[in-house]
Amino acid sequence: MGEYDVVVVGAGHAGCEAALAPARMGLSTLMLSITLEAIAMMPCNPSIGGTGKGHLVREIDALGGEMGINIDKSFIQSKMLNTAKGPAVHSLRAQADKELYHTEMKKTIENTPNLHMKQAEVMEILMENGKASGIVTRTGAIYNAKTVIIATGTFLGGRIFIGESAYDSGPNGMAVSVYLSDSLKKLGIPLRRFKTGTPARIDGKSLNYDKMIVQHGDENIVPFSFMNENTGENKIDCWLTYTNEVTHDIIRRNFHRSALFTGEIEGVGPRYCPSIETKIDRFKDKERHQLFVEPEGLSTDEMYIQGMSSSLPEDVQTAFYRSIAGLENAEIVRPAYAIEYDCINSLDLKTTLESKIIENLYFAGQTNGSSGYEEAAAQGLMAGINAALKVKGEEPFILDRSEAYIGVLIDDLVTKGTDEPYRIMTSRAEYRLLLRQDNAADRLTEKSYKIGLATEERYQRYINIKNDTEKEIARLNNTSVSPETANPFLKSIGSASIDKKETLASLLKRPQVTYDNLVEIDNERPQISYHSRVQVHVNIKYEGYIAKQLKQIEKFKKLESRRLPKDINYMELEGLRLEAREKLNAFKPDSVGQASRISGISPADINVLLVHLERMRHGGKYNL
């Protein structure tokens, strides 16, 4: 039926980025979806970003991905989280109009050169000379490909649970992928079962908002995409309410009717996004749990009840929702459900997201054991880039833990693995002061431009903003103010006075001073972009901490640069514990740094490896 450089199976957040990247890099690309209505679908929370996740979106954008641009087109409320804390954990989050998000992404895909999309269920992965070479659809159509990316989300062997009812289905009542799991198993790729879930959708007309706490968006909207300065305004509010003891009692009395407690669900659920029944069971001392009531869009009355996913029966759902303030007359439009699905073991992947078992076969998104739209999109982008580079015969594109949250995400998955749906968090990043969401473009745009993904327009904008930032930092370091000029301003903001001239940069390092309020004593300030203003503020204020973290990264890079030969037989290395030998032999790490992050490998094991590498460098054998 056709021949392509890259075939992508799936059209969710991973599939969209996985298909757009190689197409934008000039390769013929086909994206297949069991239904085109699943393109960039939001079957769970209609939002993008949040703590840690906002960092991923900014990095996707900096690399030339689409998620940030698309949410800027379709958001209905935007908010910067964690602003009371330092800039390392500031995270942008936007509520989306989910239908508009889908429509805009579909429009982008339809209008991208080199990219084709088709509605079809993929049944089989084709092989040639031990490598993936295409796919077969349910109707018998064959599409040959140089590389294949699997981004099936929760559609792969999906099974829905609502109380005593269980049936095969994809998310949101869509058709399930029935045959592809068998094809993967026949190829020797082990599968396992994970589980996630979603809350009920409530008719907004049945709610009493006077009994809830309104949650406004930010007054000044910050864009997700580096390509945007202004993105519009908030169009709608969200609301906050809480469960109570009556709610908890209803749920406790019906534990026996939840598939989570009856044993019907085999899959492992997410620790950081548990169902309401799991919360009640696990946190017995909590008197209440917060719930956010969030609109699904401007063209619907459906409201998403964040924090209340469940697999309890519909009658129980109705009872416990109606026990909550503001939801006393709640009408359920779509019941909450749990969904179980097939996924692979991420330890079977290379850092490029190519399978270690089948060459030219890549995996991205929830099928790798992760959770979340943002984690999926990040993996899709990287799988798409690396599939394209492999077709071109070029070096792979790998981001390490010191370069991006995407590097942390992928390294965690392929080195440490995961026993539950993985979620990115700021605490997972060792170098988070340097991996801020505000400097994603500075960290990644040039890398993307070099591999042919970031556009000339994006690259020139990055260069201009970088130059503006550097000039402004230099100006602030070279511009001094007298006590007569500075002290009235410092007194007004509760900061200590000065008794001699100081530079504007030194004043900016004070806790009470910001780049924005410093304008009161800075008469020569140039007009620069929002992105530059943030960079100037953070780089001057946290200069000392940034320098310290750069030194930590130097040490990290040294371990990463110590490459490990692939032909080492770790079972022969003296001094290594048996567990370390077995794990290193199975994993075959690329570097000493990667070896240090494998679960069960101790610092003592790493010291042994370093000794052996030094002996090898001088001509010794592995087991000297």
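For reference, positions follow the sequence shown, starting with 1. Bear in mind that the values here come from a model prediction, so they are computed numbers and not experimental data.
- Taking the six-membered ring for Trp, Y462 and Y449 have ring centres at least 6.0 Å apart.
- The 12-atom threshold is not exceeded at CD of E219, counting heavy atoms of other residues, nucleotides or ligands nearer than 6.0 Å.
- The neighbour count for K551 NZ, taken as heavy atoms of other residues, nucleotides or ligands under 6.0 Å away, does not exceed 12.
- Ion pairing of D442 with R436 is absent here, as no side-chain N (NZ or NE/NH1/NH2) approaches a carboxylate O to less than 4.0 Å.
- Within a 6.0 Å sphere centred on NZ of K356, other residues, nucleotides and ligands contribute more than 12 heavy atoms.
- D411 and K416 are not joined by a salt bridge, as no carboxylate oxygen comes within less than 4.0 angstrom of a charged side-chain nitrogen.
- When every heavy atom of I465 is checked against every heavy atom of F226, the shortest pair comes out as CD1-CZ, 3.4 Å.
- For an aromatic pair to be called close, the ring centres must be under 6.0 Å apart, and Y405 with H55 satisfies this.
- Other residues, nucleotides and ligands contribute only 12 or fewer heavy atoms inside 6.0 Å of the CG atom of D419.
- Between D412 and R597 there is no salt bridge, since no side-chain N of the basic residue sits under 4.0 Å from a carboxylate O of the acidic one.
- Ion pair E457/R461 not flagged as a salt bridge, since none of the NZ, NE, NH1 or NH2 atoms sits closer than 4.0 Å to an Asp/Glu carboxylate oxygen.
- Using a cut-off of 4.0 Å between Lys/Arg side-chain N and Asp/Glu carboxylate O, K390 and E359 are scored as salt-bridged.
- Counting all heavy atoms, side chain and backbone alike, I498 lies closest to R510 at CG2-NH2, 3.3 Å.
- Other residues, nucleotides and ligands place more than 12 heavy atoms under 6.0 Å from the NZ atom of K588.
- Under a 4.0 Å N-O distance rule, the pair K447/E403 qualifies as a salt bridge.
- Under the 4.0 Å criterion applied to side-chain N and carboxylate O atoms, R525 and D522 are assigned as salt-bridge partners.
- Using a cutoff of 4.0 Å between basic side-chain nitrogens and carboxylate oxygens, E472 and R533 are not scored as salt-bridged.
- Sparse packing is recorded around CD of E395, with 12 or fewer heavy atoms of other residues, nucleotides or ligands lying under 6.0 Å away.
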